> 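Please find one structure pasted underneath; my questions will follow.
For clarity, every value in this text was computed on a predicted model and none was experimentally measured. Chain identifiers are assigned alphabetically (A, B, ...) following the order of the sequence lines, protein sequences preceding nucleic acid strands; residue numbering begins at 1 within each chain.
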Amino acid sequence: MEVKLKVFRYNPEDDEGKHFDTFTLEAEPTDRVLDLLEQVKNYVDGTLTFRRSCAHGVCGSDAIRINGVNRLACKVLVQDLKSKTVKIEPILGLEVEKDLVVDMEPFFRHYKSVLPYFVNDDPPPMKERLQSPEERSRFDDTTKCILCASCTTSCPSFWINEEYVGPSAIVNAHRFIYDSRDQAAAERLEILNDQFGVYRCHTIFNCTDACPREIEVTKAVGEVKKAIATGRLE
Amino acid sequence: MTLDRKVGLLAGLRYKGGGPMLAWILHRITGLGMIVFIALHVIASLLGGDIGIAINTVYQSLYFQLFVVFGIIFHGVNGLRIIVLDLWPKFIEYQRESTWLEWFIILPVYGLTAFVMISRFLAGE
Amino acid sequence: MQSRKVPQPGWNLEYTMWMFTRLSGLALPVLGLIGITAALVMGARTQMDLGTLMRWTFFPNVSHVTSSNIPDYVPWGGAFWQIMQIMIAFFGFTHGFNGLRVVAEDYTNPGFWQVFWRGIIFLVWLFSLLAVIFVIINS
Amino acid sequence: MQKHQHEVIVVGAGGAGLTAALYASQHVSTAVISKLYPTRSHTGTAQGGIGAALGNTEEDHPEWHAYDTVKGSDYLGDQTAIEFMAQEAVQAVYELEHMGLPFSRNPDGTIAQRPFGGHTNNETGKPVRRACYAADRTGHMILQTLYQQSIKNKVNFFDEFHVVDLLVEDGKAAGVVAIELETGEFHIFHAKAVIFATGGHGRVWEITSNAYAYTGDGVAITLRRGIPAEDMEFFQFHPTGIYKMGILITEGVRGEGGVLINDKGERFMEEYAPTVKDLASRDVVSRAMYLEMKAGRGIGGKRFLNLDVTPEVVNKYAAEDGRTNPDGSPYRMTGEDIFAKLPDIIDFCETYIGVNPVTQPMPVQPTAHYAMGGIPTNMYGEVVIDKENTVMPGLYAAGEVACVSAHGANRLGTNALLDLVVFGKYSGLKAAEYSQGSSFIPLPANAADFAQEQFAQLHREDGTESVTDIANEMKEVMFDHVGVFRVEEGMQEAVDKIRALKERFQHISIDDHGKKFNTDVLNAWEVSNLLDLAEVTAVSALERKESRGAHSRDDYTERDDENWLKHTLAWLDKDGVRLEYKPVDITKYKPKARSY
């Protein structure tokens, strides 16, 4: 079938500024949007620039806006699109470097700000630290995060203020706060109990909708808010 | 050179966030609307006199009242939804359903109120 | 699974206002419900039109009764209702102005403009609240 | 040109690179250079588990693990290294757990384990639960955990820097040259020790489970610097990739009781591996699938088979096999169990082929998956450059890019993740130790010339050939003729074709001549790497006149220990590939016939 791909273009090295290019392509219904972009890059215009790696939704390279919402290009099939015209734009709220490539530095800076690593200063046992299946499943949802930035860049609070740590950072804090083996929950809650922590979340839910890993992002943020409010990790 | 990260209002509104995003936008607008309404009311009663009466006429007009009533009902119901979800994050799983549910409450209540208001206005009360 | 306790982070404005917003959001409809129930019991059912009743509900001030057919204002003007009004005004105004602050701070970073807006909003909030209390006590 | 100096430079930020960096950075200044953001690395797509004889649910021993690995390698693996890996495995998994890795758990709180292909109880020959897993996202968890710990330990990262050359002075590694994607500028990284952890080269083949980034940069760079590649003919084809797409369906599916079914509805693995059936090693299963499809028993006569993990089928065959839970009760699965243990697999199938594995079988075909071969190293990650195993000072390799060789002719499932953490760790430690006892070798002023020449060549504006066409033709010929099954004529055709393609590659034309984020030219450079590796692979395969592990020939169907129990070393010279051979290290596991 024929698909029209309307792609955002911006090359800092030419004078064209930002604009859209339209490509008409022959596609299979089971093609991924990423396949369409590859088709353009390989056969039509090699200057089209985007990130990609694993191509099946695990590496998190190819978060873009497809028809106005954040998606991974490799997880949307042509047959899932409502129209045969596909609008492709870079994710919002990060500087555009070239075409669909954005500067991820602020995103990772926020991620690193929430102590996104396991902290337990007790000397480890000879074998593994024990953890019951229930304790393990408590934070399972947030371990799925692939740091693709789909959630953070779908958040209106992040769009208007770059200083907001963003849903992704809170999700990664949640993963450790609720890990029964970890000891730095209080520090993380202190970090997130801040003007640019959880309080910029206005439960807009764009993040939950955008997450390609189907993490309940807003729920995780809500649980962190509640933990701050009650001092309990339930 | 990179393109600025700034997301304009229009670019933001073009993001297809769906029901919950709409609810958030309306919550803001209705909240700000009520502040304006109450501010007008307070100013009017403080000032009194001609200016007070002039302001009173504005906010007592049917059209303004229709907006205000919608604002109050929406802001109240949506606010309660947010509070419920904040206090029991486990219900956030049903956030999509919760926005549907709130419209099922808001629309009949507002419809009924608006009907009463309009019919009384037409009856000249 | 047992819940674990964590030391709570210290006091800050955001946390306090976040809690306050939710609690006042719950309190306002409750107070409104008390107002409307009492008004109906006190005779609003037959003596007040809808607009007046609504005005009373959201702000149970005796001046809101003047335009109705109620002959006896006395039960509507007592200290109880004045306290109710002050509570509604306090919750409502603080809730609202805090909302305004949140909107403003979505857009601003710590620095001059944030302090500026916080200052303005605080002053307007304080002025409005005092003005309303003045109106309540004098009506 | 910007210059950076760190004592240890790690190239690649996947499991091996991050492990190496974590351990090296405890002792010396370490920088990680990666062409992707670290969490995009291909380790993240590994699913099923990491093998270690913890014995959490049933009796198990590192010795059994070592024997299974040797057997799985079709006796080509170096046994000292294998024993070392199996012994270190237990500690490596505990260390990962101590770093916070969220393993799935047994009811008693210990790390959960599941059966995997080729892992057996050496006494009974039955499958043993040895794969420590975190649902079906074990690789994702390992990658995230290592990255998290790298942040905690303040490792220096150069993200989106594409390493394009290795600097060698006086026969010692002295640094690397990299292109910064954002600016297109060349950077020189001066180091005392360089660790290559760049991963494999599955993109040589048409149907592959490998990421776009898996273009064998590391092996290609070292080949160009005169370092040989070992055992390149051994490339694993994973039995179960999603039909046509190649996306991996973990062996854990079969570990949990899934079975392969042919068009006649038979569980055909009973015939090929009577004892462990669907849990035979990967080369055996892939070959069996190939034979089934060749005999016309592919589903609907097509080139795929069904992988069935629906509860009815699992329970039926589990009952037939007499499979039990650790407590002795009969093994039974429900739809919820499957969902809990294989959530990502279900997601992939629903997203890409509209199949729900809980109720429907999955269409699968063998998919190019893992390079057993690569840069030759010893078991400490030190690169060895000839058949006497002479160590090249300052150069290390770990992970899929390296050939220790712990996997020999065929890697067992779960040993890849193990390889990353064990050999990653030791290469990091060794590199740190080496750099503490040595000094920086001065670099010449023109250190980046070789790399810059390569790119100037790619940027030439008079070419006409399409990089895409060349890449596609290479992938096709390699998949058809240097794939699961190989014959003399086909491989010769592939060699000729690749050489013709390399010639055509001299005349390519690219669209993007800018500097910033020029992925067009970098992709072209990656294709040049793939072409080199395809040539080395095809020539190595053509010469090996036997069938062993992943290298199965229709014209030499038997393993030939007399002539071919040896590793291939391949050099890429100006006029083609030069081969030599080195002996296999055999300790206590003497080669014998392999049956599952």
> Considering only heavy atoms, which portion of Asp14(A) lies under 4.5 Å from any heavy atom of chain D: side chain, backbone, both, or neither?
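Answer is neither: Asp14(A) stays 4.5 Å or more from chain D.
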> Which answer fits Lys127(A), side chain, backbone, both or neither, if we ask what part of it has an atom under 4.5 Å from a heavy atom of chain D?
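Contact with chain D involves both backbone and side-chain atoms of Lys127(A).
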> So for Leu115(A), is it side chain, backbone, both, or neither that comes closer than 4.5 Å to the heavy atoms of chain D?
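Neither part, no heavy atoms under 4.5 Å.
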> Would Arg136(A) and Phe139(A) count as a cation-pi pair here, with the cationic atom under 6.0 angstrom from the ring centre and within 45° of the axis?
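Pair Arg136(A)/Phe139(A) counts as cation-pi.
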> Tell me, side chain or backbone of Phe348(D) under 4.5 Å from chain A's heavy atoms, or both, or neither?
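Contact with chain A: side chain only.
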> Which atoms of Leu101(D) come close to chain A, meaning under 4.5 Å heavy atom to heavy atom: side chain ones, backbone ones, both, or neither?
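Only the backbone of Leu101(D) comes within 4.5 Å of chain A.
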> Going by an N to O cut-off under 4.0 Å, is there a salt bridge joining Lys75(A) and Glu214(A)?
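Looking at Glu214(A) together with Lys75(A), the answer is no, because their closest N to O distance does not fall below 4.0 Å.
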> Side chain, backbone, both or neither: which part of Glu128(A) has a non-hydrogen atom closer than 4.5 Å to chain D?
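Both backbone and side chain.
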> Is chain A contacted by the side chain of Lys244(D), its backbone, both, or neither, given a heavy-atom distance below 4.5 Å?
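Neither part, no heavy atoms under 4.5 Å.
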> Are more than 12 heavy atoms, taken from residues, nucleotides or ligands other than Lys18(A), located less than 6.0 Å from that residue's NZ atom?
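Counting other residues, nucleotides and ligands, NZ of Lys18(A) stays at 12 neighbours or fewer.
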> Specify which of Gly57(A), Pro12(A), Cys74(A), Ser137(A) makes the most heavy-atom pairs with chain D at under 4.5 Å.
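When all of Gly57(A), Pro12(A), Cys74(A), Ser137(A) are compared, Cys74(A) has the most.
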> Can you say whether Met126(A) sits under 4.5 Å from chain D via the side chain, the backbone, both, or neither, judging by heavy atoms?
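The backbone, not the side chain.
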